[in-house]
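Letters A, B, ... mirror the listed sequences (proteins, then strands); counts begin at 1. Only heavy atoms go into these numbers, but all of them, side chains included; no hydrogens, no water, no symmetry mates. Computed from a prediction, not measured in an experiment: that's the story for all the values here.
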Amino acid sequence: MPELPEVEILVRHLAPLVKSRTIQGVEIRRPRVLGPTPATEITQALNGARFTHLIRRGKFLLFSLRSAADREPILLVGHLGMTGRMYLLPHSAELPKHAAVVLDLGRHNFVYEDPRYFGRLTLDRSSLNRLGPEPLDPEFTVANFAADLRKSAQAIKIKLLDQSLVAGVGNIYASEALFRAGISPRIAARRLKPDQIERLHTAIREVLTAAIDAGSTLPLDFAGDTPNRNRNRLFYYGAAGPDSGFYQERLQVYDRADAPCVRCATPIRRLIQAARSTFFCPQCQRK
DNA sequence: AACGCCGCCTGATCGC
DNA sequence: TGCGATCAGGCGGCGT
């Protein structure tokens, strides 16, 4: 599932491809992904509009555009959910089964596809208000992190998934950060000691930074699944799943149940917290 | 207001 | 082999 690093890599690759391109047509195939924005509204806003900037915020993609009619700025908010992908496809290429939104950019189509339709491409900004600090920016301080953790009785793993605590950490990197910090995923957030909070703060940044660095080395046409299916894609955020060799060596606990801990060889355990899998080393991450 | 729970979705996997 | 049941999970909304 795409978390902060995957979205960051996508944004870096996608930004130069869409910059200054003009939208010549808008096709909404799944209105659901628009959230509260009516299809007619987004179609009218985007038609003829031109991309100016693309940045990441948490797991969100923020597309800035300038409208054709009044040249007013437009903010298009994207989220990949669990299975979303965004890429350019040659205009002549066949669209994927689950294409949710297609933007005609001339030679290429900008495609947002999402088999589960959990993601969004919308003009609605309300989700952004709920986001906490960017973990890789100076605004993410140990002091504020500690203050927020003190307010919560939730298990720290569950709390890390709260996007208002820190933006962009998902199920994979929550487990990875806790392993790196040597902290049990089950301990209540408010029970963390200052030195643990400090280590976790550092671990979050390290885990995310390492993943971005690893992703940056991928070729532009990298694809996590079969090459043939993706050969037409100008860029593709590869589903670098746990099966891909690239990904595997980066993840020390996630999806490694029963495999030996990289540090102490104790079998990694899987547990369910808030209906989500958590992976941890019972030896290195004791309460 | 923190927190638990449900619904949204489809593809992959499981069990018979 | 085939097919229905189960699982996976980010996030918003709702109730407590």
Side-chain angles (χ1 to χ4, degrees), chain A residues 1-8 10 28-37 56-62 77-86 95-101 112-132 135 144-177 185-192 208 211 224-226 229-230 237-244 247 251 253-258 270-279:
Chain A
M1 61 226 82
E3 302 182 22
L4 184 152
E6 291 74 28
V7 177
E8 177 64 26
L10 172 59
I28 308 297
R29 300 192 150 204
R30 285 280 178 158
R32 177 185 152 70
V33 304
L34 305 178
T37 305
R56 178 194 57 74
R57 173 80 174 95
K59 302 176 199 172
F60 289 87
L61 298 99
L62 304 184
V77 178
H79 195 290
L80 298 174
M82 291 286 299
T83 51
R85 293 165 176 177
M86 295 181 186
L95 292 172
K97 180 179 175 185
H98 296 295
V101 176
Y112 163 43
E113 81 165 303
D114 190 346
R116 288 185 200 175
Y117 306 108
F118 277 11
R120 291 292 181 268
L121 194 60
T122 178
L123 298 178
D124 174 47
R125 309 181 182 195
S126 59
S127 304
L128 303 176
N129 300 330
R130 294 188 267 270
L131 292 181
N144 287 339
F145 188 48
D148 286 344
L149 293 181
R150 236 176 276 131
K151 293 181 212 158
S152 174
Q154 276 183 311
I156 184 61
K157 157 61 172 21
I158 298 170
K159 193 64 193 169
L160 284 177
L161 301 180
D162 180 350
Q163 300 299 296
S164 70
L165 174 71
V166 51
V169 176
N171 205 39
I172 294 172
Y173 296 107
S175 281
E176 293 298 317
R186 292 188 272 207
I187 189 173
R190 63 161 64 120
R191 295 222 186 287
L192 289 182
L208 297 176
D225 48 5
T226 54
R229 252 196 66 206
N230 303 305
Y237 152 63
D243 53 320
S244 105
Y247 215 70
L251 299 180
V253 287
Y254 187 81
D255 206 30
R256 292 194 66 239
D258 301 327
R270 170 180 188 257
L271 71 108
I272 304 297
Q273 295 179 288
R276 286 177 197 96
S277 300
T278 299
F279 298 88

Practice item. Take the protein atom CG of A/D148 and the nucleotide atom P of B/dA1, then report the distance between them rounded to whole Å. Key: 14 Å

Revision key, fill the gap. Students should find that the end-to-end axis angle of the helix from B/dA2-C/dT16 to B/dC16-C/dG2, with five pairs defining each axis and rounding to 10 degrees, is 50°

Practice item. Whole angstrom is fine here: how far is it from CZ in A/R57 over to C1' in C/dC11? Key: 16 Å

Review point. Got a second to check how far A/M82's CE is from A/M1's CE, nearest 0.5 Å?
Key: 5.5 Å

Check your understanding: With respect to A/R56, which candidate in A/E8, A/E6, A/E3 satisfies the salt bridge (charged side-chain N to carboxylate O under 4.0 Å, His left out) definition?
Key -> A/E8

Check your understanding: Considering all heavy atoms of both residues, which atom of A/A155 and which atom of A/R186 are nearest to each other, and what is their separation?
Key -> CB-O, 3.9 Å

Check your understanding: Using the rule for Phe, Tyr, His and the six-membered ring of Trp, do A/F118 and B/dC8 stack at under 5.5 Å and under 30°?
Key -> yes

Exercise for review: Quick one: label A/A153 by what it contacts on the DNA or RNA (base, sugar-phosphate, nothing), any heavy atom closer than 4.0 Å.
Suggested key: sugar-phosphate

Revision key, fill the gap. Of A/R116 and A/R190, the one whose closest nucleotide on DNA chain B sits nearer the 5' end is A/R190

Practice item. Could you work out which one of B/dG4, B/dG11, C/dG9 sits closest to the side chain of A/Y254? Key: C/dG9

**Study point:** Length of the CG-P vector between A/L161 and C/dG12, whole Å
**Key:** 13 Å

Study note, to complete from the structure: Rounded to whole Å, OH of A/Y117 lies from C1' of B/dG11 at a distance of 12 Å

Practice item. Ignoring the backbone of A/R276, work out which of C/dG9, B/dC3, B/dT10 is nearest its side chain. Key: C/dG9

Point to revise | Validation row: A/L161, A/N171 side chains within 4.5 angstrom (heavy atoms) | key: yes

Practice item. Check the surroundings of atom CZ in A/R57: do more than 12 heavy atoms from other residues, nucleotides or ligands lie under 6.0 Å from it? Key: yes

Check your understanding: B/dG11 P sits how many Å from A/E113 CD, rounded?
Key -> 11 Å

Practice item. Give the rounded distance in Å between these two atoms: CG of A/N129 and P of C/dG13. Key: 12 Å

Check your understanding: If you check every side-chain atom of A/R32, which of B/dT10, B/dC3, B/dC9 has the closest atom?
Key -> B/dC9

Point to revise | Whole-Å gap separating P (B/dA2) and CD1 (A/I158) | key: 16 Å

Review point. Is any side-chain N or O of A/K159 closer than 4.0 Å to OP1 or OP2 of B/dA2?
Key: no

Study note, to complete from the structure: Of C/dG10, B/dC9, C/dG13, the nucleotide closest to the side chain of A/M82 is C/dG10

Check your understanding: Taking for each residue the nucleotide of DNA chain C with the nearest heavy atom, is it A/R270 or A/S127 whose nucleotide lies nearer the 5' end?
Key -> A/R270

Practice item. Give a yes/no answer on whether the side chain of A/R30 brings an N or O atom under 4.0 Å of OP1 or OP2 in B/dT10. Key: yes

Review point. So, do A/S277 and A/I272 sit near enough that their side-chain heavy atoms are less than 4.5 Å apart?
Key: yes

Point to revise | Distance below 4.0 Å between A/S126 side-chain N/O and C/dG12 OP1 or OP2 | key: no

Review point. To the side chain of A/M1, which of B/dG4, B/dT10, C/dG9 is closest?
Key: C/dG9

Point to revise | Residues, nucleotides or ligands: over 12 heavy atoms within 6.0 Å of A/N129 CG | key: yes

**Study point:** Distance test, side-chain N/O of A/K97 to OP1/OP2 of B/dT10, below 4.0 Å
**Key:** no

Review point. Considering heavy-atom distances to DNA chain C, does A/I272 or A/H79 have its closest nucleotide positioned more toward the 5' end?
Key: A/I272

Exercise for review: Name the closest nucleotide to the A/Q163 side chain, picking from B/dT10, B/dC3, C/dC11.
Suggested key: C/dC11

Review point. Does any N or O in the side chain of A/D124 come within less than 3.5 Å of the main-chain N or O of A/G35, such that one atom is a donor and the other an acceptor?
Key: no

**Study point:** Gap between atoms CZ and C1', on A/R130 and C/dG10 respectively (whole Å)
**Key:** 13 Å

Revision key, fill the gap. Which of C/dC11, B/dG4, C/dG9 is nearest the side chain of A/N171? It is C/dG9

**Study point:** Heavy-atom side-chain contact between A/D255 and A/F279 under 4.5 Å
**Key:** yes

